Amino acid sequence: MKTPSALEELIAALRCLPGVGPKSAQRMAYHLLQRDREGASVLAGALGRSLAGIRHCERCNNFAEAEVCELCHSPRRDATLLCVVESPGDLLMMEQAQCYRGMYFVLMGALSPLDGVGPRDIHLDRLVKRASDGTVREAILATNFTVEGEATAHYIGELLRQRGLRVTRIARGLPVGGELEHVDSGTLAQAVVERREV
Ligand SMILES: [Zn+2]
């Protein structure tokens, strides 16, 4: 018997999720259609609405529903500090650690020439523009302590120093190869306090 093409399409579509191979895509599709059609419908709706309504904040590049996100609008944040992180999850970690009251820029990735990720892919032109607004004095590089994160921090450091900004890197209380998302907030807070000039 031939598999209906809509089902084939669903299985193929599910493979866009990280770590999902053909077998688990098939399992997910069967589960949704057989056991949880309501869940599937909620998922489809949420996906549709997210795609239609969520964009990148013009200032920090994080996900936002408005042109400029709430954090970037907040008068309580210190606009002279700009913390550069790789992902929205990292920004969340920084916020949960409650160690930082400045602004952010979310790269949505890290430089990785082998995977074809270059400066343009992580929005460095926009970062430079954001950091050169005349208010930002210090850029705090909080990319991961992985090979890609370190290379990215180095590259950005060069770029921003040329523009007369103070550039610091969060301290290595974090493990080598460590990703911000997987560090406890105490360690992260310490790393921000002990950041050093680069
Ligand atoms: Zn923003």
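Both counts, for ligands and for their atoms, begin at 1 and track the order of listing. From a predicted model like this one, the values you see are computed outputs, not experimental measurements.
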Asker: Quick check for you: within a radius under 2.8 Å, how many protein N, O or S atoms neighbour the Zn ion (ligand 1)?
Answerer: 4
Asker: Going from SG on C99 to CD1 on I170, what distance comes out if it is rounded to the nearest 0.5 angstrom?
Answerer: 8.5 Å
Asker: Indicate the atoms forming the closest heavy-atom contact of V136 with L82, along with that distance.
Answerer: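 Closest pair (atom of V136, atom of L82, distance): CG1-CB, 3.8 Å.
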Asker: Please give me the minimum heavy-atom distance between F105 and H123, naming the atom from each residue.
Answerer: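 Taking every non-hydrogen atom into account, CZ-O, 3.8 Å.
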Asker: The criterion is side-chain hydrogen bond (donor to acceptor under 3.5 Å, both in side chains); which residues satisfy it with Q26, sequence neighbours excluded?
Answerer: none
Asker: Can you confirm whether the side chains of T80 and D78 place a donor and an acceptor under 3.5 Å from each other?
Answerer: yes
Asker: Just how far is it from atom CG of L32 to atom CD of E38, taken to the nearest 0.5 Å?
Answerer: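 Answer rounded to 0.5 Å: 12.5 Å.
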